[in-house]
Amino acid sequence: MSYKRSYCWHLLTTSFALLSFLFSSLLISSCGSDNEHFSVDGRLLNVNTAEFLVYSPDGAISGIDTIKVNGGRFTYERSIVGEGTIVVVFPNFKQIPIFVKPGADIRFDGSAAKLKELEVTGTEENDDFTEWRLNTNELSPEELQAQAKKYVKENPGTLISLWMQRQYLPIKVICSVGDRLPNFTAKDINGKTVSSNSLMTGNSLIIVWASWNYDSQSMLRQANNKDSYIYTNTNNNKEKISFDHIISICLDADIKKCRDLLRQCNAEDVPTICDGKMMDGNIVKTLGINNIPDNIRIRNGKITGRGLPIMKLAEE
């Protein structure tokens, strides 16, 4: 073989090796997450197309996102800096947490008709929590709370324990009926100051809501409707919903989403606090908020109702 042919052959084999390496690298990178992303591959029976909301209670991702299901399958990928928790919210408001971290490839399998039996696997945290959830999904609320308390005690500070504390373990109740409304000051979504001082005279109402909770939106819409009437339990009388002052607290991470829902609910004139911190905001802690929907009814600065259904808002 001549020198020229030998050189050409060497060039050809080198180029082929380089192309093979690049192709392999591309194939590997396309089959899993890199160290700046996580991915969730989902398979759901008994559903063809759907759209689920996704949010993070600890800031793992920002804002409210969506997962679109086609043919019962979906792939969800996001960039992430550190470990955290995202929550998938189903149309019936059932919530399933997924514990994420850079480089994680997570599987999401189950049936839309049996959400309690969904399996989230692929990392140690998701494997452990899925096992715990499947072993406890037939327990009573009291038994479930006891098991969650035991897990948190044995595994303090983990992502699973933090989720269990939010989801299963009661927070010390403050702002109970009969208490004086605590002092607070905050900025609404338009930058105006909102304070407890505006709620100290007459009949007032604080509504806690989120874009991913329909019941809370319904409460906001009806309480703000000056022409709404409800039936009370007293002689089946019909009374008008009427408050001198209404403040709303939105627990969305995305203020734009908050504005959009206020517009849809015809409640743009209601002073609304939305700091983007969801359940970790200062006003949430001050008022002892741990449920959605929630509300606080106030008369002359004194709490007269808490966590009331819409039918009881006007009762005294």
Distance, nearest 0.5 Å, that separates [atom1] of [X] from [atom2] of [Y]:
| X | Y | atom1 | atom2 | result |
| --- | --- | --- | --- | --- |
| Asp244 | Ile298 | CG | CD1 | 11.5 Å |
| Trp209 | Ile292 | CH2 | CD1 | 10.5 Å |
| Ile255 | Asp275 | CD1 | CG | 7.5 Å |
| Gln217 | Cys250 | CD | SG | 9.0 Å |

Are the side chains of Glu124 and Asp128 in contact, using a 4.5 Å heavy-atom criterion?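 A side-chain contact exists here, since the closest heavy-atom pair is under 4.5 Å.
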Could you state whether Trp132 and Leu169 fall into the same hydrophobic cluster, counting links through intermediate Ile, Leu, Val, Met, Phe, Trp or Tyr residues with side-chain heavy atoms under 4.5 angstrom apart?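 Cluster IDs for Trp132 and Leu169 match.
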Report whether Leu162 and Leu251 are members of the same hydrophobic cluster (ILVMFWY, side-chain heavy atoms less than 4.5 Å apart, transitive linking).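 No, separate clusters.
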Centres of the Phe108 and Tyr76 rings: under 6.0 Å?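 Distance test on ring centres: not under 6.0 Å, no.
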Ring pair (Phe, Tyr, Trp, His ring centres under 6.0 Å) contacts in which one or both residues fall within residues 40-59, not counting sequence neighbours: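 Residue pairs passing ring pair (Phe, Tyr, Trp, His ring centres under 6.0 Å), neighbours aside: Phe52-Phe90, Tyr55-Trp212.
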Do you see a donor-acceptor pair shorter than 3.5 Å between the side chains of [X] and [Y]?
| X | Y | value |
| --- | --- | --- |
| Thr272 | Asp188 | no |
| Arg259 | Asn190 | yes |
| Ser161 | Asn155 | no |

Return the set of residues passing side chain to side chain donor-acceptor pair (under 3.5 Å) with Arg107 (not counting sequence neighbours), or none when no residue passes.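 By the side chain to side chain donor-acceptor pair (under 3.5 Å) rule, Arg107 matches Asp109.
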